[in-house]
Amino acid sequence: MSSEIQISIIDDDEQSRSALAGLLQAMGFTTETYSSAVEFLASPNLRDSSCLIVDVHMPRMTGTELHSRLVGSGYNIPTVLITAYPDDSARARALDQGVVGYLTKPIDEKVLLGCIESALRRAKSDENP
């Protein structure tokens, strides 16, 4: 497993996906982008992801469903959910299920960076109990 931090961005909106990738690359992160949860699950890079940033509302499989599926399959990849349609009850359920953050678009860069740092700390503590 690579020691390099790789953030996977999964969003069906190409503009949002590209903007997030550019922002995170400018912050020094390596990114991989995917247009759907299904595309991410089929990727050989799944195991290399240090953190996921996933849109909540996507066709075929939502961000919340992806998170649940990964956890159920034994992948504990820290996940930040993003949405243009905030819902307090969905946010509460997602946080109860272990997502690191539930952010509303447009995303505040400082809040996003804080969530990513928290996710990476969580991943590190999971590797070194």
Side-chain angles (χ1 to χ4, degrees):
M1 183 172 158
S2 172
S3 62
E4 184 175 83
I5 295 170
Q6 178 175 298
I7 299 177
S8 294
I9 301 164
I10 306 157
D11 193 326
D12 61 321
D13 181 284
E14 184 178 352
Q15 187 174 8
S16 180
R17 195 171 59 241
S18 296
L20 271 173
L23 173 65
L24 294 175
Q25 289 165 4
M27 292 178 176
F29 294 107
T30 299
T31 63
E32 291 288 334
T33 61
Y34 304 91
S35 62
S36 71
V38 174
E39 181 185 0
F40 173 71
L41 289 171
S43 163
N45 297 324
L46 188 146
R47 296 180 193 275
D48 297 327
S49 294
S50 306
C51 175
L52 304 180
I53 299 176
V54 186
D55 188 21
V56 172
H57 299 282
M58 294 184 294
R60 296 178 64 194
M61 184 183 299
T62 68
T64 307
E65 291 168 340
L66 173 62
H67 176 73
S68 295
R69 184 167 180 174
L70 289 169
V71 169
S73 298
Y75 291 101
N76 191 19
I77 306 169
T79 302
V80 176
L81 294 177
I82 58 175
T83 185
Y85 308 99
D87 176 314
D88 288 340
S89 62
R91 180 183 191 276
R93 280 191 309 275
L95 293 171
D96 284 346
Q97 293 172 359
V99 300
V100 176
Y102 188 97
L103 307 179
T104 302
K105 295 177 184 179
I107 298 168
D108 180 293
E109 293 177 18
K110 290 180 181 175
V111 174
L112 176 61
L113 183 58
C115 283
I116 292 170
E117 289 172 346
S118 177
L120 296 175
R121 279 193 304 273
R122 181 183 291 184
K124 190 172 191 161
S125 69
D126 287 349
E127 289 175 3
N128 304 311

Go through the structure and list residues passing side chain to side chain donor-acceptor pair (under 3.5 Å) with [X], not counting sequence neighbours.
X	result
Glu117	none
Ser118	none
Ser18	none
Gln25	Thr31

Might you point out which heavy atoms bring [X] and [Y] nearest each other, and give the distance in Å?
X	Y	value
Val54	Gly63	CG1-CA, 3.4 Å
Glu39	Ser36	N-OG, 2.9 Å
Ala37	Ile10	N-CG2, 3.7 Å

Indicate, with yes or no, if [Y] and [X] share a hydrophobic cluster defined by side-chain heavy-atom contacts under 4.5 Å among Ile, Leu, Val, Met, Phe, Trp and Tyr.
X	Y	value
Ile107	Val111	yes
Tyr34	Val38	no
Val56	Leu41	yes
Leu23	Leu120	yes
Leu66	Ile9	no

* Asked: Is there any salt bridge (Lys or Arg N to Asp or Glu O under 4.0 Å) pair reaching into residues 5-21, and which pairs are they, with sequence neighbours excluded?
  -> Asp11-Lys105
Within a strict 4.5 Å, meaning less than it, do heavy atoms of the [X] and [Y] side chains meet?
X	Y	value
Ile116	Leu24	yes
Leu46	Leu70	yes
Ser8	Asn45	no
Ile5	Thr30	no

* Listed by chain and number, what are the side-chain contact (heavy atoms from CB on, under 4.5 Å) partners of Ser68, not counting sequence neighbours? ->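 Ser68 satisfies side-chain contact (heavy atoms from CB on, under 4.5 Å) with Gln97 only.
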* Sequence-distant partners of Asp96, side-chain contact (heavy atoms from CB on, under 4.5 Å), two or more places apart ->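 side-chain contact (heavy atoms from CB on, under 4.5 Å) list for Asp96, sorted by chain: empty.
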* Any donor-acceptor pair under 3.5 Å from Asp55 side chain to Met58 backbone -> no
* To do: Measure from the side-chain N and O atoms of Ser50 to the backbone N and O of Ile7, and report whether any donor-acceptor pair falls under 3.5 Å.
  =>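 Absent.
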* Asked: Is the number of heavy atoms from other residues, nucleotides or ligands within 6.0 Å of CG (Asp108) greater than 12?
  -> yes
* Asked: In terms of heavy-atom contacts, does CD of Glu65 have more than 12 from other residues, nucleotides or ligands at under 6.0 Å?
  ->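 Check passes, neighbour count above 12.
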Kindly list each side-chain donor-acceptor pair under 3.5 angstrom involving residues 71-84, sequence neighbours excluded, with atom names and distances?
residue: Ser73; atom: OG; partner: Arg69; partner atom: O; Å: 3.0
residue: Tyr75; atom: OH; partner: Arg47; partner atom: NH1; Å: 3.4
residue: Tyr75; atom: OH; partner: Arg47; partner atom: NH2; Å: 3.4
residue: Asn76; atom: ND2; partner: Asp126; partner atom: OD2; Å: 2.7
residue: Thr79; atom: OG1; partner: His67; partner atom: ND1; Å: 3.4
residue: Thr79; atom: OG1; partner: Ile77; partner atom: O; Å: 2.9
residue: Thr83; atom: OG1; partner: Tyr85; partner atom: N; Å: 2.9
residue: Thr83; atom: OG1; partner: Tyr85; partner atom: O; Å: 3.4

* Asked: Does any pair with a residue in residues 102-124 pass ring-ring contact (aromatic ring centres under 6.0 Å, His included), and if so which ones, sequence neighbours excluded?
  ->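 Matches after skipping sequence neighbours: none remain.
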* Please walk me through it: do Leu112 and Leu20 pass side-chain contact (heavy atoms from CB on, under 4.5 Å)? -> CA-CA 10 Å; Leu112 176 61; Leu20 271 173; 3.6 Å; yes
* What residues, two or more places apart in sequence or in another chain, satisfy ring pair (Phe, Tyr, Trp, His ring centres under 6.0 Å) together with Phe29? -> none
